[in-house]
J.: 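The structure follows.
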Amino acid sequence: MLILAIESSCDDTAAAVLEPNDHLLSSVISSQNEIHARFGGIVPELASRRHIEMIRPVIDEALLQAGVQLADIDLIAATQGPGLVGSLLVGFTFAKALALVRGLPCVGVDHLAGHLLSCLLEPDKPEFPYTALIVSGGNTSLYAVKDPVTYTRLGRTRDDAAGEAFDKVAKLLDLGYPGGPVISQIAVDGDPAAIAFPRAWLGEDSLDFSFSGLKTSVVNHVNTKRRTNQTLDLADICASFQEAVVTVLVRKTLAAASQTGHTRIVLGGGVAANPRLRTLMQQHCAEKGLKLFTPSPVFCTDNAAMIAVAGYHQFLRGDRIDPDTDAYSRSPLN
Ligand code: KG4
């Protein structure tokens with residue numbers, strides 16, 4: 001069996017070909033970073049136009065790299081939501097049309113389900129159940145993952161997602177988009193304890209997150225420095241901001257694992273590519289005797305390989321969509 005998966009929820013056009021048991025034959029991602037960088041964030045209209053241009057070549061390239069043809073495909077999986085509806089509609093409609101024309105089954109996949117299962121693409125796969133932290137530009141949530149299709153949300157952000165905070169701070173500091181990679185790079189030379197940015201714990205047992213206060217605190221710090229003509233120590237700001245985000249993510253993930261009793265922790269989403277988060281999470285997991293599973297950076301950010309994995313498991317459960325099924329902007333999982 002061969003699965004063709006399509007992902008277009010935000011600003012990356014992606015396609016992948018997968019065989020069952022998570023054997024990935026190809027994964028192609030066409031990034032739009034260059035288009036949106038000068039705006040300091042994603043411009044939805046530009047994103048959907050670019051998806052329209054790229055969807056066909058990206059699928060062709062995924063088939064080529066896998067060494068297969070469209071006629072060999074048995075199942076089509078596509079991201080149904082959440083995301084920018086204009087972007088989602090390009091990939092989702094293309095998938096439904098392809099399935100209709102070729103008489104193939106089609107599965108609509110929740111983008112978050114893809115992130116929750118992206119670790120299964122790695123050679124060292126977690127067994128179920130596990131506790132997962134999904135942390136990206138649009139989401140910051142904790143889940144108990146019972147099996148490949150059963151997830152319970154344990155907590156989520158009440159305002160900004162962690163990646164959104166990285167992107168907004170980068171915009172404030174004129175560092176371009178996306179903000180996460182550049183901030184984490186600059187932070188390497190900074191002192192994480194230089195500036196006491198706030199951490200929002202939201203109560204003893206809360207597994208929810210909040211990053212808007214932290215973002216405001218960085219804005220105030222930077223504006224005060226600029227107003228009083230003091231030089232900005234970019235490295236210290238980046239390191240202190242990053243530390244404030246990462247310490248909260250790590251502590252709440254460990255608290256979630258202690259509630260679920262799971263011994264396996266899984267990370268997913270673009271911010272999971274953050275080296276400081278990976279290091280600190282690994283240290284704390286090792287201290288508590290927990291095993292940490294992190295996808296390779298290429299499977300942390302948006303990709304279609306994870307959509308193929310999730311789509312295949314949904315197919316086994318019996319999920320199918322018909323041609324008038326719609327995309328959605330808000331996830332039922334969040
Ligand atoms: O998962 P993703 O590709 O798209 C969403 O679904 O949002 O995640 C993109 C987000 C952006 O906010 C980006 O700044 C962040 O992930 N990101 C990082 C790093 N790499 C990407 N954040 C912190 N550190 C990184 N190294």
Side-chain angles (χ1 to χ4, degrees), residues 7-14 27 29-33 36-37 39-42 44 47 51 79-85 87-88 91 109-119 121 132-141 156-157 160-173 175-188 190 192 209 211 214-215 218 238-239 241-250 266-281 294-307 310 329-331 333-334:
E7 149 68 37
S8 70
S9 63
C10 194
D11 62 336
D12 292 313
T13 320
S27 178
I29 303 168
S30 167
S31 164
Q32 300 183 3
N33 282 349
H36 303 286
F39 301 103
I42 295 162
H51 282 306
T79 308
Q80 187 175 357
L84 301 170
V85 168
S87 288
L88 282 164
V109 177
D110 193 289
H111 185 80
L112 293 177
H115 280 310
L116 285 169
L117 301 183
S118 58
C119 257
L121 290 159
L133 170 70
I134 302 305
V135 61
S136 68
N139 300 280
T140 301
S141 303
R156 67 174 165 186
T157 182
D160 290 351
E164 197 179 349
F166 270 96
D167 295 336
K168 286 178 176 170
V169 166
K171 189 173 181 180
L172 171 78
L173 297 170
L175 297 175
Y177 174 86
V182 60
I183 287 183
S184 60
Q185 219 173 349
I186 295 173
V188 171
F209 300 91
F211 295 106
L214 168 62
K215 181 193 66 194
V218 179
C238 289
F241 161 74
Q242 174 178 266
E243 200 67 8
V245 174
V246 163
T247 46
V248 172
L249 292 175
V250 170
V266 162
L267 299 186
V271 183
N274 182 278
R276 179 66 185 143
L277 174 62
R278 292 164 89 101
T279 306
L280 201 66
M281 193 74 87
T294 44
S296 318
V298 70
F299 296 133
C300 288
T301 44
D302 291 348
N303 66 89
M306 66 181 191
I307 301 303
S329 60
R330 287 180 175 271
S331 172
L333 299 176
N334 201 19

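Order of appearance sets the numbers: ligands from 1, and atoms from 1 within every ligand. FYI, side chains are in, hydrogens and waters are out, and symmetry mates aren't considered; it's all heavy atoms of this structure.
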J.: Out of curiosity, Gln242 CD to Ile183 CD1, how far, rounded to the nearest 0.5 Å?
T.: 8.0 Å
J.: Measure up the Phe211 and Phe209 rings against each other and bin them: parallel (under 30°), tilted (30 to 60°), perpendicular (over 60°).
T.: parallel
J.: Under a 3.5 Å cutoff, is there a donor and acceptor pairing between the side chains of Ser30 and Gln32?
T.: no
J.: Is the closest heavy-atom distance from Pro297 to ligand 1 below 4.0 Å?
T.: no
J.: If you count the atoms of ligand 1 from 1 in the order shown, which ones are under 4.0 Å from a heavy atom of Thr301?
T.: 1 (O), 3 (O)
J.: Show which atoms of ligand 1 fall inside a sub-4.0 Å distance from at least one heavy-atom site of Ser184.
T.: 26 (N)
J.: Do Leu277 and Val250 come within less than 4.5 Å of each other through their side chains, counting heavy atoms only?
T.: yes
J.: I'd like to know if His115 contacts ligand 1, where contact means a heavy-atom distance under 4.0 Å to any ligand atom.
T.: yes
J.: Against heavy atoms of Gly179, which atoms of ligand 1 measure under 4.0 Å?
T.: 14 (O)
J.: For ligand 1, which atoms have a heavy atom of Ser136 less than 4.0 angstrom away?
T.: 1 (O), 5 (C), 6 (O), 7 (O), 8 (O)
J.: Does His111 reach the side chain of Asp302, with side-chain heavy atoms less than 4.5 Å apart?
T.: yes
J.: Which of the atoms of ligand 1 are close to Cys300, meaning less than 4.0 Å from one of its heavy atoms?
T.: 1 (O)
J.: Examine Gly270 against ligand 1 and note whether any of their N/O atoms are separated by less than 3.5 Å.
T.: yes
J.: Could you tell me whether Asp167 approaches ligand 1 through its side chain, its backbone, both or neither, with non-hydrogen atoms closer than 4.0 Å?
T.: side chain
J.: As a check for students: among Gly163, Gly137, Gly83, identify the option with a heavy atom nearest to atom 9 (C) of ligand 1.
T.: Gly137
J.: Val135 versus Leu267: any side-chain heavy-atom pair under 4.5 Å?
T.: no
J.: Sequence neighbours left out, what passes side-chain hydrogen bond (donor to acceptor under 3.5 Å, both in side chains) with Thr140? Give chain and number order.
T.: none
J.: Restricting to non-hydrogen atoms, name the atom on Ser296 and the atom on Arg278 that form the minimum distance, rounded to 0.1 Å.
T.: CA-NH2, 4.3 Å
J.: Check each atom of ligand 1 against the heavy atoms of His111 and keep those under 4.0 Å away; list them by number with element.
T.: 6 (O)
J.: Heavy atoms, side chains only, cut-off 4.5 Å: are Asn334 and Pro82 in contact?
T.: no
J.: Can you find an N/O atom of Gly269 closer than 3.5 Å to an N/O atom of ligand 1?
T.: no
J.: Which of the atoms in ligand 1, numbered in the order shown and given with their element, are less than 4.0 Å from a heavy-atom of Pro178?
T.: 13 (C), 14 (O)
J.: Which protein non-hydrogen atom lies closest to atom 24 (N) of ligand 1, naming both residue and atom, and how far is it?
T.: Asn274 ND2, 3.0 Å
J.: Shortest non-hydrogen contact from Ser331 to Leu112?
T.: OG-CD1, 3.6 Å
J.: Short question: side chain of Ser87, backbone of Cys10 - any donor-acceptor pair under 3.5 Å?
T.: yes
J.: Please indicate whether any nitrogen or oxygen in Asp12 is less than 3.5 Å from any nitrogen or oxygen in ligand 1.
T.: no
J.: Using every non-hydrogen atom in the two residues, find where Asp12 and Ser31 come nearest and quote the distance to one decimal.
T.: OD1-CA, 3.2 Å
J.: Select one of side chain, backbone, both or neither to describe which atoms of Pro181 lie under 4.0 Å from any atom of ligand 1, heavy atoms only.
T.: both
J.: Give a yes/no verdict on whether any heavy atom in Gln242 is under 4.0 Å from an atom of ligand 1.
T.: no
J.: Does Gly138 have a heavy atom less than 4.0 Å from any atom of ligand 1?
T.: yes
J.: Would you mind telling me if ligand 1 is within reach of the side chain of Ala161, the backbone, both or neither, using heavy atoms under 4.0 Å?
T.: neither
J.: Please name all residues satisfying ring-ring contact (aromatic ring centres under 6.0 Å, His included) with Phe299, sequence neighbours left out, ordered by chain then number.
T.: none
J.: Name the closest protein heavy atom to atom 2 (P) of ligand 1, giving the residue it belongs to and the distance to 0.1 Å.
T.: Asp302 OD1, 3.4 Å
J.: What's the shortest distance from atom 18 (C) of ligand 1 to any protein heavy atom, and which residue and atom give it?
T.: Gly180 CA, 3.4 Å
